[in-house]
A.B. asks: 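Mind having a look at this structure? Questions to follow.
Quick note: residue numbers are just sequence positions, from 1. Please read these numbers as outputs of a predicted model, since none were measured by experiment.
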Amino acid sequence: MSQHHHHHRVAILSSHLSPAVMASEKEAALAATPSDSPTIFDKIISKEIPSTVVYEDDKVLAFRDITPQGPVHILLIPKVRDGLTGLSKAEERHIDILGRLLYTAKLVAKQEGLDEGFRIVINDGPQGCQSVYHLHVHLIGGRQMNWPPG
């Protein structure tokens, strides 16, 4: 395949993505400093910042992502961070909440009608494109996912 054809295909592919959103997410991730400082999620949990909550119990809060990457894009977070700034910081005491987050993601996926499947993503650290240092699970669905992820 000539260089010209290759560039044309890349242009067509990238026109289907939202480069601005992807770039700003990546920039936010690279600019974010991994730390134990309070995050925007604390204000979402306390309801100081409004969000569209789709599920809430004593341990987990699930709400719609403000920059959705699919028809359904929900973030699931532990209400108490307890040092779990990212998956790489998990300790044995976090096993229950980690399991609960994934099980809750399944419940929310069912509630959202994602019977044909969905994707779970946990970003970790700068190279993993993590932008908020309070562990969160992305539940994305309602469209065909691709492999490998970006």
A.B. asks: Closest approach of P71 and G141, non-hydrogen atoms and distance?
C.D. replies: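 Scanning both residues, the minimum pair turns out to be CD-O, 3.4 Å.
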A.B. asks: Are any non-hydrogen side-chain atoms of F63 and I44 less than 4.5 angstrom apart?
C.D. replies: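 They are in side-chain contact.
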A.B. asks: Check whether any side-chain heavy atom of V108 sits under 4.5 Å from a side-chain heavy atom of L114, and report yes or no.
C.D. replies: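 No, every pair of side-chain atoms sits at 4.5 Å or beyond.
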A.B. asks: Let me confirm one number: the OG-CD1 distance from S51 to I66, rounded to the nearest 0.5 Å.
C.D. replies: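 Result: 10.5 Å between the selected atoms.
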A.B. asks: Not counting sequence neighbours, which residues clear side-chain hydrogen bond (donor to acceptor under 3.5 Å, both in side chains) with T52? List them please.
C.D. replies: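 Partners of T52 under the side-chain hydrogen bond (donor to acceptor under 3.5 Å, both in side chains) test: none.
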A.B. asks: Please say yes or no: joined through hydrophobic side-chain contacts below 4.5 Å, possibly via intermediate residues, are L101 and V132 part of one cluster?
C.D. replies: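 In one cluster: no.
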A.B. asks: Is I40 atom CD1 crowded by more than 12 heavy atoms from other residues, nucleotides or ligands, each under 6.0 Å away?
C.D. replies: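 No, not enclosed.
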A.B. asks: Identify the heavy atoms of G86 and L135 that sit nearest to each other, and give their distance.
C.D. replies: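 Reported closest heavy-atom pair: C-CD1, 3.7 Å.
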A.B. asks: Apply side-chain contact (heavy atoms from CB on, under 4.5 Å) to the pair D96 and R100, showing each step before the final yes or no.
C.D. replies: CA-CA 6 Å; D96 287 347; R100 185 180 281 256; over 6 Å; no
A.B. asks: Could you see if L139 belongs to whatever hydrophobic cluster contains L102? Use Ile, Leu, Val, Met, Phe, Trp, Tyr and a side-chain cutoff under 4.5 Å.
C.D. replies: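 Shared cluster, yes.
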A.B. asks: Considering only distance and modelled atom types, tabulate donor-acceptor pairs under 3.5 Å from the side chains of residues 116-128, sequence neighbours left out.
C.D. replies:
| residue | atom | partner | partner atom | Å |
| --- | --- | --- | --- | --- |
| R119 | NH1 | N146 | O | 3.1 |
| R119 | NH2 | N146 | O | 2.8 |
| D124 | OD1 | L87 | N | 2.9 |
| D124 | OD1 | S88 | N | 2.8 |
| D124 | OD1 | S88 | OG | 3.1 |
| D124 | OD2 | S88 | OG | 2.9 |

A.B. asks: How many angstroms lie between CD1 in I45 and CZ in F41, if you round to the nearest 0.5 Å?
C.D. replies: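 One gets 8.5 Å once the value is rounded to the nearest 0.5 Å.
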A.B. asks: Using the rule that two of Ile, Leu, Val, Met, Phe, Trp, Tyr join whenever any of their side-chain heavy atoms come within less than 4.5 Å, decide whether V60 and L98 are in one cluster.
C.D. replies: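 Result: yes, single cluster for both.
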A.B. asks: Evaluate the criterion side-chain contact (heavy atoms from CB on, under 4.5 Å) for residue pair V137 and T104; output intermediate values, then yes/no.
C.D. replies: CA-CA 10 Å; V137 174; T104 304; over 6 Å; no
A.B. asks: Anything under 3.5 Å between a donor and an acceptor, one on a side chain of residues 75-85, the other on a protein residue two or more places apart or in another chain? List them.
C.D. replies:
| residue | atom | partner | partner atom | Å |
| --- | --- | --- | --- | --- |
| K79 | NZ | E56 | OE2 | 2.8 |
| K79 | NZ | D57 | O | 2.7 |
| R81 | NH1 | S37 | O | 3.2 |
| R81 | NH1 | Y133 | O | 2.7 |
| R81 | NH2 | D36 | O | 2.4 |
| R81 | NH2 | S37 | O | 3.2 |
| D82 | OD1 | R93 | NE | 3.2 |
| D82 | OD1 | R93 | NH2 | 3.4 |
| D82 | OD2 | R93 | NE | 2.9 |
| D82 | OD2 | H94 | NE2 | 3.4 |

A.B. asks: Any heavy-atom pair between the side chains of I140 and V72 that's under 4.5 Å?
C.D. replies: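 Contact flag for V72/I140 side chains = no.
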A.B. asks: Any donor and acceptor pair, going by atom type alone, linking the side chain of T33 with main-chain N or O of S35 inside 3.5 Å?
C.D. replies: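 Answer holds: no.
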A.B. asks: Does some side-chain heavy atom of H138 sit less than 4.5 Å from a side-chain heavy atom of H73?
C.D. replies: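 Yes, close enough: below the 4.5 Å cut-off.
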